[in-house]
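Quick notes on the structure that follows.
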Amino acid sequence: MLAILLVFISYQAVYAQFTSQGTNGFGNSSMNNSGFPDPKSPKTTNQNSKKTGRAALDDSTRLKYGPHSVYSFKEDEILNGLNAKNRPDTSLTLFQRYLYTEKSGFLLQDLGNQGTALRSIFWQSPATIGVQSGYNAYLPYAFQTKDINYYNTKSPFSDVEYYLGAGGQTTLRFSFARNVDSLWNIGFDLQRMVSDKNLSDAAYKTGDKTLTGQWGLVLHSNYQSKNKKYRILGHINYFDQGIKDQGGVKLGNLTALDILKYSDNAALLEDGVTESNDKFIKFHVYHEFQGFKGLQLFQMIDVENRKIQFKDMAFQSNLANGFYPKTYIQYIQAPDKDSLYNEIQWKEYAHKTGLKGIYRGFNYQAYFKQRYWSAFNAVENASKDRFEQYVGLKLKQSFGQKYDFEAQGEYLIGSDFFLNAKLETPLLSVQAKHTSASPSFVSTWTYNTAYRWDKKFENIVSDEIDGSFHFGKKSTYFNPGLTVQSITGIIYFDSKTNPIQTNELLGIFRPKIETGARWNKWNVMANVYWNKQTGPDVFRAPELIFQGNLSVDLQYKKLLYTQLGLDLHYNSAYKAPAYQPVLQQYFIQNDLELPAFAQVDAYVNIRINRVRLFFKYANALQGLLGNNHYTAYLHPAMYRSFGYGVRWLLFD
């Protein structure tokens, strides 16, 4: 069926059309079209055409619907009173970056393969306050409420993506939206992602090579009344992530660095009976009523039901090889096989109700929020819950179209709070944030065969200033910036994966430079981060990260647009953390400093009429200038390999 579907879509794709939108992780959006003619521009008809009948009808159909007839918007844009009309993103710039770590600008870390546990390279202040589950390793793969697009289309709109890389890294995404009438739109987003094991275990030897499998589905809809006084939008979000955890490479008689010389390495969890699963279903709705522009009512409602599971049917042997620190079960005689099981059932209900409005460039929001969460531990057969009440205020003043000042605060009554101020000008962007956030649930309560604790930690308090200057013209940009963070009470997981809170001050000083230029057909872009930390050694990150891209644009008879390029990613040496799948946590390890590495990817991006494709030779210099590298402790990166992808936009 998939092959038939792809053949059908590729036939239809000849009639699609491209636009250019977004920055794809590099600075200046004005450079995203890479010197090619703007594909947003609709093709003009030949006024003297003598075609009649079906031929004439086909021509008019192709011209009537396209990227210019479809736009999308996000919930935050509606909440903040922005009349956003985002056209479909079809830029060739960095189109070859299809993996999640690549899309983040290599600022996310995984275990060497798509679908494995993710972690931010740099420390991030909490995005929300209140108690969060802390089981976050797979959530970035799910559809996020803030990123969901709601559409207005004049014809049925489809967006199809298919990517295939080494190690079976396969991603299929399908988005569809259509207007029921001029006021009501419905649609869905579907994602299927799989990958294969790159380490050998008992299941691999019998033919079971599946490492990860994931389904994501969003059903969404939006409606606006005819008089534009009332608007409602919402979605149902389903996510199901499964993975056969391998624990990293088994060293045997070799050192960790010697292992990198080989591609047929064995897994530490060699029995192949260790699995993680993270599944949820969420319901979200936002609606607003506009009495007049200066006074509007709005409300958000969220319902979430989530189950987090882990099992290891070879717990006893993996305990013996040191993968787990201890057991809480006292055996008279240990069996050959035993199981470790962890299950948390997380439920959450919340509403946010408030007033908002806009008057002469002044925008305000004032709201009251209530949230109830509960967590049930199936192993201990016990639960914990909490009812939280918040108040919040957001103020924004615009001075013309180029100057904005914003201040925002939220208070969880009796506990957490955050304050945030932001200034945006053509020359300078600066933001200051102060946060006091509750510790995560996983760090305070855990109960299974290998890990047990019931702790009380103080709030994590952080201050952050982030700023950048913007220099440049249409074909060049130079944006130097600086991030300064101060964290007290940070909670980390030590070398035995036990949660520890330190009262020492962790300071982070991170200058950065984002720059790029275009000369004729040549494009160059670079991001540089220098990360310096003082205080306790509890959050580890590379001191230097460099990302570069060099490409040249070629055009053949206004039909074939080609972009040839090189992607470069460099990390300095550091003691990257290890990963414990029982708790979905990265933790401190002191056994190995991962050497510095540079990864180079060679690629070709192509636009043929209305279809985009890429062909990429990833990690091209591995084996030529050096061995492979680790992305996390004992988890090697994908070896030198070939990948490709294609994307279609369909408008009828």
Side-chain donor-acceptor contact under 3.5 Å, [X] with [Y]:
| X | Y | value |
| --- | --- | --- |
| Gln533 | Asn531 | yes |
| Ser175 | Asp189 | yes |
| Ser440 | Ser443 | yes |
| Ser429 | Glu424 | yes |
| Asn185 | Tyr151 | no |
| Gln580 | Tyr451 | yes |
| Tyr150 | His235 | yes |
| Asn305 | Lys282 | no |
| Asn459 | Asp416 | yes |
| Ser276 | Asp245 | yes |
| Glu304 | His284 | no |
| Tyr403 | Gln397 | no |
| Ser195 | Gln114 | no |

Is it the case that more than 12 heavy atoms not belonging to [X] sit under 6.0 Å from its [atom1] atom?
| X | atom1 | result |
| --- | --- | --- |
| Lys74 | NZ | yes |
| Leu393 | CG | yes |
| Tyr359 | OH | no |
| Lys369 | NZ | yes |
| Glu458 | CD | no |

Flag this pair as yes if the NZ/CZ of [X] is under 6.0 angstrom from the six-membered ring centre of [Y] and inside a 45 degree cone about the axis; otherwise no.
| X | Y | answer |
| --- | --- | --- |
| Arg119 | Phe539 | yes |
| Lys352 | Tyr367 | yes |
| Arg231 | Phe73 | yes |
| Arg510 | Phe122 | yes |
| Arg452 | Tyr447 | yes |

Indicate yes or no: at least one non-hydrogen side-chain atom of [X] is less than 4.5 angstrom from one of [Y].
| X | Y | result |
| --- | --- | --- |
| Lys356 | Glu288 | yes |
| Thr116 | Tyr579 | no |
| Ile344 | Phe441 | yes |
| Leu190 | Trp215 | yes |
| Ile236 | Phe283 | yes |
| Thr170 | Met193 | no |
| Tyr238 | Asp240 | yes |
| Val461 | Thr435 | no |

**OP:** Of all the heavy-atom pairs spanning Gly213 and Val194, show the shortest one and how long it is.
**Re:**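 Scanning both residues completely, I find the closest heavy atoms to be CA-CG1, 4.1 Å.
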For the atom pair [atom1] ([X]) and [atom2] ([Y]), what is the distance rounded to the nearest 0.5 Å?
| X | Y | atom1 | atom2 | answer |
| --- | --- | --- | --- | --- |
| Phe310 | Asn342 | CZ | CG | 8.5 Å |
| Ile588 | Thr497 | CD1 | OG1 | 10.5 Å |
| Trp184 | Ile232 | CH2 | CD1 | 11.5 Å |
| Asn222 | Asn152 | CG | CG | 7.5 Å |
| Thr502 | Ile487 | OG1 | CD1 | 11.5 Å |
| Asp454 | Thr446 | CG | OG1 | 9.5 Å |

Donor-acceptor under 3.5 Å ([X] side chain, [Y] main chain):
| X | Y | value |
| --- | --- | --- |
| Gln485 | Trp123 | yes |
| Asp385 | Trp373 | no |
| Ser104 | Leu107 | yes |
| Ser339 | Asp312 | no |
| Lys396 | Gln408 | no |
| Asn277 | Gln241 | yes |
| Thr153 | Pro156 | no |
| Glu388 | Val131 | yes |
| Asn227 | Lys229 | yes |
| Ser398 | Gly400 | no |

Can you confirm if the aromatic rings of [Y] and [X] lie within a centre distance of less than 6.0 Å?
| X | Y | answer |
| --- | --- | --- |
| Phe280 | Trp346 | no |
| Trp445 | Trp453 | no |
| Phe143 | Phe239 | no |
| Phe176 | Phe157 | no |
| Tyr98 | Tyr163 | yes |
| His434 | Phe417 | yes |

Could you walk me through whether Ser468 and Asn479 satisfy the side-chain hydrogen bond (donor to acceptor under 3.5 Å, both in side chains) test, starting with their C-alpha distance in whole Å, then the side-chain angles of each, then the deciding distance to 0.1 Å, before giving a yes or no? CA-CA 6 Å; Ser468 61; Asn479 303 333; over 6 Å; no
Salt bridge check: are [X] and [Y] linked by an N-O gap of less than 4.0 Å?
| X | Y | result |
| --- | --- | --- |
| Asp278 | Arg306 | yes |
| Glu102 | Arg97 | no |
| Arg371 | Glu348 | yes |
| Asp159 | Arg647 | yes |

Report task. Could you check whether the rings of Phe188 and Phe174 sit parallel, tilted or perpendicular, using 30° and 60° as the cut-offs? Result ->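 It falls in the tilted class, 30° to 60°.
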